[in-house]
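Both ligands and their constituent atoms are indexed starting at 1 by order of listing.
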Amino acid sequence: MPTINKRELTEVLSSSQKKYKPSKKIISQANVKNYEAVLKEAARNPEKFWEEAAQDLEWFKPWDKVLDASKKPFFKWFTGAKCNLAYNALDRHIGTKTEKNKAIIWEDEAGRTRQYAYLELYQEVNKLVNALRGIGAKKGDRIAIYMPNIPEIAFAMLACAKIGAIHSVVYAGFSAAALADRIKDARAKILFTADGSFRRGKVINLKEIADSAVKSCKTIKKVIVAKNNNEKVKFNKSKDIWYKDFVKGQPTEAKCARMDSEDPAFVLYTSGTTSKPKGVVHAHGGYPVGVLRTIKWVFDLKGDEIFWCTADPGWITGHSYIIYGPLLAGVTTLMYEGVPDMPAPDRMWRIIEKYKVNVLYTAPTLIRAMMKYGAKWPAKHKMPSLRILGSVGEPINPSAWKWYYKYIGKNRCPIMDTWWQTETGMNMITPLPTAPLKPGSAVKPFPGIIADVVDKKGKRAPAGKGGYLIIRNPWPSMIRTIYKNPKRYIKTYWSKVKGAYFTGDVAFRDKDGYFWIQGRTDDVLKIAGHRIGTAEVESSFVSHKSVVEAGVIGVPDPIKGEVIKAFIILKQGINPSDNLKQELKMQVRKTIGPIAVIKDIDFVDKLPKTRSGKIMRRVLKAKELGLPLGDTSSLV
Ligand code: WTA
């Protein structure tokens, strides 16, 4: 992974490293001016800090207790309170001056745009709430959403939250098999999809993929289809309905469900170390507290600003910082459906100029891709509106950081390198705009978060020494459990280092207490920022008739961060060939989706294994990269 090389490490550890200090203007505008004092104060009493943060939201009934740790690690926040996530993101703004602000600006690759003021968004969502209630949707139901980055995905998420149904958004780049697995695990009753989505000028027929998933999902009673591309789609009259017809004639007011603060708001599936994705559960009360506080402080939002997060709503970054975060803060969220280099490599910079974007939140892989096209592309555009930049998804290598700072931020906009996870719900280790920055470091834990770098026994690692990144205290927007699998929740996150949340990442701290995230310790890959488990890819290979066994590793890639390399044992009598390689690559694409691109396949006779038969991916990786093999005592 292009994180940090030896020369850079020496520089990091010497105290002479250049820090990028915020300008006077940034400091004078900042929502949080006294960064160090705020950190100290919050560390003294995190509960008090979060209780104060919760006052930024509206509650139907206040809490009896801020934090209930009696059944830890099943922590409860704001117990006894009544509230609703959608109410706070939307209803709360109606009747205030925010209702006239734009809530959503949408543009697609072909240049079509749609815009919604808060009041309009509120009415759209209410129509959908009424239509959903009309078909019997209610509190606690699970509703799957498999849609591109279009306004209807926001309508659907918000409508679910408003009626108290649990949404499960599945990224539209996942395959039919992956969608079906997730629908089955959650036993979803309703599915939202679209006819298609634009990608590099081509239309991807989402409805067809959704249909093939629904075939094996008996729980789905209704499929609501947004028209996005005028694609010809097959319709199953007993189940399918066009979105437009579904909401036609519905009233524009709707009652909001009163939820317990601990009621689940959504489940979002993410990859772990087994072939079965985990349904990460987030709650109505705590989740928005963490999301609103971070978006306001990290990105320094003021009110009527334009916030552009380039992720997809199908990932946690999209949930927290395309949909819920900007709406909780009452600002405008920009949704772009398409690739960043169509029709030319300046598409992103063109969008920033056109809409006067104030905050850009993107991923290192995208910055590296733009770097490759060159600085002449952003130079074509005036971007004085930009104030703050953000990075997320994987470690940002110092050279990409510097390029981003110079050519996009024009040496003026601080970069917020935000480390967090699907499970954490919100930014966890990140600077605030007033912090001095070091390229490649995510700086310090957000106020109220106590993070540490430790060895296997939980002992703090000295400065400069790598170790496990853990979080010592609970926080409001944390994962509540793994859907229908509380044991796995405990095992994955709370049993590796005693009393602490185990992130699965390795990091080190420098002499100034700055955190440097190094990547995963487990078998989770980050392919262009997308989270994929090696076990998922292996099980996909093994489902092919010619394959006996597969071992999969991530190898460094200059643009994507990591790409997938596979080692495959074929059944006896099957001959390796280029055609077979192609077929196997397609197999993974079919079972997981186009995001799981296989860079390379080696056919082998044996895989390195432990005595208990587990594939030692670490050994495969060391061999592939020509690194020392490390401890091989358990290798057979
Ligand atoms: C990685 C994405 C370094 C990390 C929000 C984490 C990062 C995983 C950063 C979670 C960052 C995310 N620097 N690494 N700024 N942000 N990661 O669940 O390995 O898709 O554990 O959430 O991404 O990925 P997820």
Side-chain angles (χ1 to χ4, degrees), residues 1-4 169-171 173-174 267-273 277-282 290-291 294-295 298 309-322 324-325 361-368 389-398 400-401 404 415-431 437-446 451 453 466 468-471 477-479 482 492-493 496 501-508 514-534 536 554 560-562 595:
M1 204 178 297
T3 49
I4 199 158
V169 181
V170 180
Y171 174 57
F174 276 122
V267 46
L268 180 58
Y269 287 84
T270 189
S271 298
T273 49
K278 307 175 271 195
V280 172
V281 176
H282 283 288
V291 172
T294 50
I295 200 168
V298 175
C309 168
T310 65
D312 186 278
W315 305 100
I316 192 67
T317 307
H319 279 58
S320 298
Y321 299 102
I322 298 178
Y324 289 117
Y361 191 22
T362 190
T365 178
L366 216 131
I367 297 163
R368 291 191 294 264
L389 303 175
S391 172
V392 60
E394 50 170 320
I396 178 164
N397 46 310
W401 194 103
Y404 193 26
I415 298 175
M416 303 297 108
D417 175 8
T418 61
W419 175 91
W420 59 296
Q421 307 175 302
T422 305
E423 294 86 342
T424 71
M426 64 171 220
N427 301 158
M428 296 292 279
I429 300 180
T430 171
L437 304 173
K438 302 184 192 184
S441 167
V443 182
K444 291 186 183 179
F446 189 79
V453 177
Y468 299 116
L469 178 65
I470 58 159
I471 312 291
S477 68
M478 66 194 292
I479 174 176
I482 292 176
T492 311
Y493 306 109
K496 306 253 163 56
Y501 170 84
F502 188 79
T503 66
D505 279 29
V506 272
F508 68 86
Y514 277 41
F515 283 71
W516 300 77
I517 316 293
Q518 300 287 281
R520 305 282 310 183
T521 58
D522 56 11
D523 297 317
V524 171
L525 305 174
K526 273 285 176 154
I527 312 297
H530 295 144
R531 186 164 158 178
I532 300 175
T534 45
E536 278 169 84
K560 295 201 158 137
E562 258 184 319
I595 49 169

J.: Just to confirm my output: which protein heavy-atom neighbour is closest to atom 8 (C) of ligand 1, and how far is it?
T.: Lys526 CE, 3.6 Å
J.: Determine whether more than 12 heavy atoms belonging to other residues, nucleotides or ligands lie under 6.0 Å from atom NZ of Lys560.
T.: no
J.: When you check the gap from the basic side-chain N to the acidic O, do Arg520 and Glu562 get nearer than 4.0 Å?
T.: no
J.: Taking only heavy atoms of Thr418, which atoms of ligand 1 are found under 4.0 Å from at least one of them?
T.: 9 (C), 11 (C), 15 (N), 16 (N)
J.: Less than 4.5 Å apart, side chain to side chain, heavy atoms only: is that true for Trp419 and Met428?
T.: yes
J.: Say whether, by atom type as modelled, one donor and one acceptor occur between the side chain of Thr503 and the main chain of Ile470 under 3.5 angstrom.
T.: no
J.: Look only at interatomic distance and state if Thr270 has a nitrogen or oxygen under 3.5 Å from any nitrogen or oxygen of ligand 1.
T.: no
J.: Taking only heavy atoms of Thr317, which atoms of ligand 1 are found under 4.0 Å from at least one of them?
T.: 5 (C)
J.: Find all atoms of ligand 1 within a distance of less than 4.0 Å from any non-hydrogen atom belonging to Arg531, and give their numbers and elements.
T.: 10 (C), 18 (O), 20 (O), 24 (O), 25 (P)
J.: Counting C-beta onward and ignoring hydrogens, is there a side-chain heavy-atom pair between His282 and Tyr324 closer than 4.5 Å?
T.: no
J.: Show me which atoms of ligand 1 lie under 4.0 Å from any heavy atom of Ile316.
T.: 5 (C), 22 (O)
J.: Which of the atoms in ligand 1, numbered in the order shown and given with their element, are less than 4.0 Å from a heavy-atom of Arg520?
T.: 6 (C), 19 (O), 21 (O)
J.: For ligand 1, does Val524 get within less than 4.0 Å through its side chain, its backbone, both, or neither, judged by non-hydrogen atoms?
T.: neither
J.: Identify the protein heavy atom lying closest to atom 6 (C) of ligand 1, giving its residue, its atom name and the separation to 0.1 Å.
T.: Asp505 OD2, 3.5 Å
J.: Please check if the side chain of Ser320 supplies one atom and the backbone of Gly425 the other of a donor-acceptor pair under 3.5 Å.
T.: yes
J.: Taking side chain as C-beta onward, heavy atoms only, is Lys526 less than 4.5 Å from Thr365?
T.: no
J.: Might you point out which heavy atoms bring Ala442 and Ile517 nearest each other, and give the distance in Å?
T.: CB-CG1, 4.4 Å
J.: Where does Glu394 meet ligand 1, judged by heavy-atom distances below 4.0 Å: at the side chain, the backbone, both, or neither?
T.: backbone
J.: Given Tyr321, Trp516, Trp419, which one has a non-hydrogen atom that is nearest to atom 7 (C) of ligand 1?
T.: Trp419
J.: Can you tell me the protein heavy atom closest to atom 16 (N) of ligand 1 and the distance?
T.: Gly393 N, 3.1 Å
J.: By the definition ring-ring contact (aromatic ring centres under 6.0 Å, His included), identify the one residue from Trp315, Tyr321, Tyr361 that meets it with Trp420.
T.: Tyr321
J.: Any non-hydrogen atom of Trp315 lying under 4.0 Å from ligand 1?
T.: no
J.: Which residue owns the protein heavy atom closest to atom 3 (C) of ligand 1, what's the atom, and how far is it?
T.: Pro395 N, 3.1 Å
J.: Starting from atom 10 (C) of ligand 1, locate the nearest protein heavy atom and write down its residue, its atom name and how far away it is, to 0.1 Å.
T.: Trp420 O, 3.5 Å
J.: Under 4.0 Å from a heavy atom of Ile517: which atoms of ligand 1 are those, numbered in the order shown and with their elements?
T.: 3 (C), 14 (N)
J.: With a 3.5 Å distance limit and no angle check, can you tell me whether Tyr404 reaches the backbone of Gly390 through a side-chain donor-acceptor pair?
T.: yes
J.: Under 4.5 Å between any side-chain heavy atoms of Arg368 and Asn397, yes or no?
T.: yes
J.: Considering the heavy atoms of Val392, write down every atom of ligand 1 situated less than 4.0 Å from one of them.
T.: 5 (C)
